Protein chains: 2
Amino acid sequence: MSDHEQQPLPPTSRQSGDALPPVEQHAQQYETVRNAHETELIEDYVELIGDLLRHRGEARAADIASRMAVSQATVSKMIRRLNELGLVTSRPYRSLFLTEEGQRMAETSRARHDIVLHFLRALGVRDTTARIDAEGMEHHVSDETLTIMQRFTESHQP
Amino acid sequence: MSDHEQQPLPPTSRQSGDALPPVEQHAQQYETVRNAHETELIEDYVELIGDLLRHRGEARAADIASRMAVSQATVSKMIRRLNELGLVTSRPYRSLFLTEEGQRMAETSRARHDIVLHFLRALGVRDTTARIDAEGMEHHVSDETLTIMQRFTESHQP
DNA sequence: AATAATTGTTAGCAAAGGCTAAACTATTTG
DNA sequence: CAAATAGTTTAGCCTTTGCTAACAATTATT
Ligand SMILES: [Mn+2]
Ligand SMILES: [Mn+2]
Ligand SMILES: [Mn+2]
Ligand SMILES: [Mn+2]
């Protein structure tokens with residue numbers, strides 16, 4: 001075993017940063033993030049399709065492409081995948097629709113997204129910023145935190 | 001132009017979900033998230049290497065692999081990339097070290113990570129959950145929100 | 001009806017981030 | 001010091017998510 005203590009680093013310079021968590025716990029943090037990233041895009045597509053259907057009555061591939069700032073080819077490919085996953089139905093040149101399962105996912109995602117967005121606004125974040133932050137944060141917020149956010153929002157502007 | 005209003009949808013069923021943002025703003029939300037995802041992994045590696053150096057005096061590939069719950073091959077490949085990016089220096093079979101730029105990135109990431117973690121704890125989230133959520137959220141929190149989180153934490157446990 | 005514009009699909013490419021298996025190097029132990 | 005163990009690297013594979021370019025189908029305009 002080689003000695004690891006090179007310069008003992010004065011304990012004063014270390015008021016910053018918590019201790020390292022135990023290896024298994026630390027590993028679980030990263031694993032959870034990787035899992036979230038696997039479903040993140042799917043959720044955003046399904047959620048957006050649901051929003052378009054609700055607000056516009058139809059959800060076209062071109063709308064998705066411009067709202068996501070992504071090429072139509074990318075959207076087309078993703079739609080095939082959503083189809084295979086049983087989340088949407090699509091006929092060429094027609095609006096997309098959500099399956100039962102797709103609707104459930106859209107609803108869950110939208111609810112979660114709204115909780116995060118409203119929480120950020122209640123905290124005092126400007127609307128534009130809150131929307132940007134919520135789009136990314138939503139996929140990484142546990143149910144526990146979500147509940148706490150919801151309570152906070154309710155109690156801070158009834 | 002085909003008419004989109006199929007069923008006008010009773011306005012009562014719509015207390016949920018805000019209006020759709022204008023296309024350009026909506027697009028920017030997703031773009032920001034995609035950009036964050038590009039740097040996210042890099043930041044986590046650099047931050048972890050910094051933490052290992054600080055707490056353990058050295059940062060070995062094997063430690064990174066077990067803490068990230070990823071294969072050693074994956075770590076080895078990523079180290080080469082960090083090297084090419086000028087963030088770390090590495091001699092084969094020796095500890096990694098951070099370059100000047102790597103140290104700056106580690107410091108910035110750690111500070112941001114801590115702000116999010118402490119904020120969640122101040123909100124009332126349990127430690128384990130807070131750590132998991134912070135690991136994912138940290139990359140999607142704007143400077144504006146970060147500042148607000150910091151103020152909140154300070155004023156809620158002095 | 002013919003043409004133009006929009007919308008959608010397909011093919012082919014690339015980078016990122018995983019993995020396993022095999023080879024190699026270093027360290028620890030008998 | 002030889003053998004065993006632990007750590008590191010490389011090669012080759014796969015999936016996801018993006019892109020552009022070319023083509024096809026639909027819808028809108030003249
Ligand atoms: Mn969303
Ligand atoms: Mn999102
Ligand atoms: Mn972090
Ligand atoms: Mn992280």
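Chain letters run A, B, ... following the sequence lines, proteins first and then strands; every chain starts at 1. For clarity, every value in this text was computed on a predicted model and none was experimentally measured.
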Exercise. Hey, could you give me the CD1/CZ distance between A/Ile79 and A/Arg81, rounded to the nearest 0.5 Å?
Key: 13.0 Å

Quiz item: Can you tell me how far C1' of C/dT6 sits from CZ of A/Arg60, to the nearest Å?
Solution: 10 Å

Exercise. Please state how far atom OH in B/Tyr30 lies from atom C1' in D/dT17, giving the value in whole angstrom units.
Key: 16 Å

Quiz item: Are B/Ile115 and B/Leu48 connected in the hydrophobic side-chain network, where two residues link if heavy atoms are under 4.5 Å apart?
Solution: no

Quiz item: Between B/Glu38 (CD) and C/dG17 (C1'), how many Å, whole number?
Solution: 13 Å

Self-check item: Interface with DNA chain C, restricted to residues 61-82 of chain A and to heavy atoms under 4.0 Å
Solution: A/Ala61, A/Ala62, A/Gln72, A/Ala73, A/Ser76

Quiz item: Are A/Ile132 and B/Val141 grouped together when hydrophobic residues (ILVMFWY) are joined by side-chain heavy atoms under 4.5 angstrom apart?
Solution: no

Quiz prompt | Nucleotide C/dA16, atom C1' - distance to CG of B/Leu41 in whole Å | solution = 9 Å

Quiz item: Separation of B/His37 atom NE2 from C/dA15 atom C1', in whole Å?
Solution: 17 Å

Quiz prompt | Smallest separation among heavy atoms of B/Gly102 and B/Val46, with atom names | solution = O-CG1, 3.3 Å

Quiz item: Do A/Glu58 and A/Arg94 meet the salt-bridge criterion of a basic N to acidic O distance under 4.0 Å?
Solution: no

Quiz item: Within the distance-only criterion (no hydrogens, no angle test), does the side chain of B/Arg67 pair as donor or acceptor with the backbone N or O of A/Pro21 below 3.5 angstrom?
Solution: yes

Self-check item: A/Arg34 or A/Arg91, whichever maps to the more 5' nucleotide of DNA chain C
Solution: A/Arg91

Quiz item: Under 6.0 Å between the ring centres of B/His139 and B/His113?
Solution: no

Self-check item: A/Asp51 with A/Arg56: basic N within carboxylate O range, under 4.0 Å
Solution: no

Quiz prompt | Nearest-angstrom distance from the residue atom CG of A/Asp44 to C1' of D/dG18 | solution = 15 Å

Quiz prompt | Length of the line joining B/Arg94:CZ and C/dT25:C1', which is rounded to integer Å | solution = 10 Å

Quiz item: Quick one: on DNA chain D, does B/Pro92 or A/Tyr93 contact a more 5' nucleotide (nearest heavy atom)?
Solution: B/Pro92

Self-check item: Nearest-Å distance for atom pair CG/P, residues B/Leu52 and D/dG7
Solution: 14 Å

Exercise. Look at the aromatic rings of A/Phe119 and B/Phe119 and report parallel, tilted or perpendicular, splitting at 30° and 60°.
Key: tilted

Practice problem: Compute the angle between the rotation axes at the two ends of the helix from C/dA1-D/dT30 to C/dG30-D/dC1, each taken over five pairs, rounded to 10 degrees. | Solution: 10°

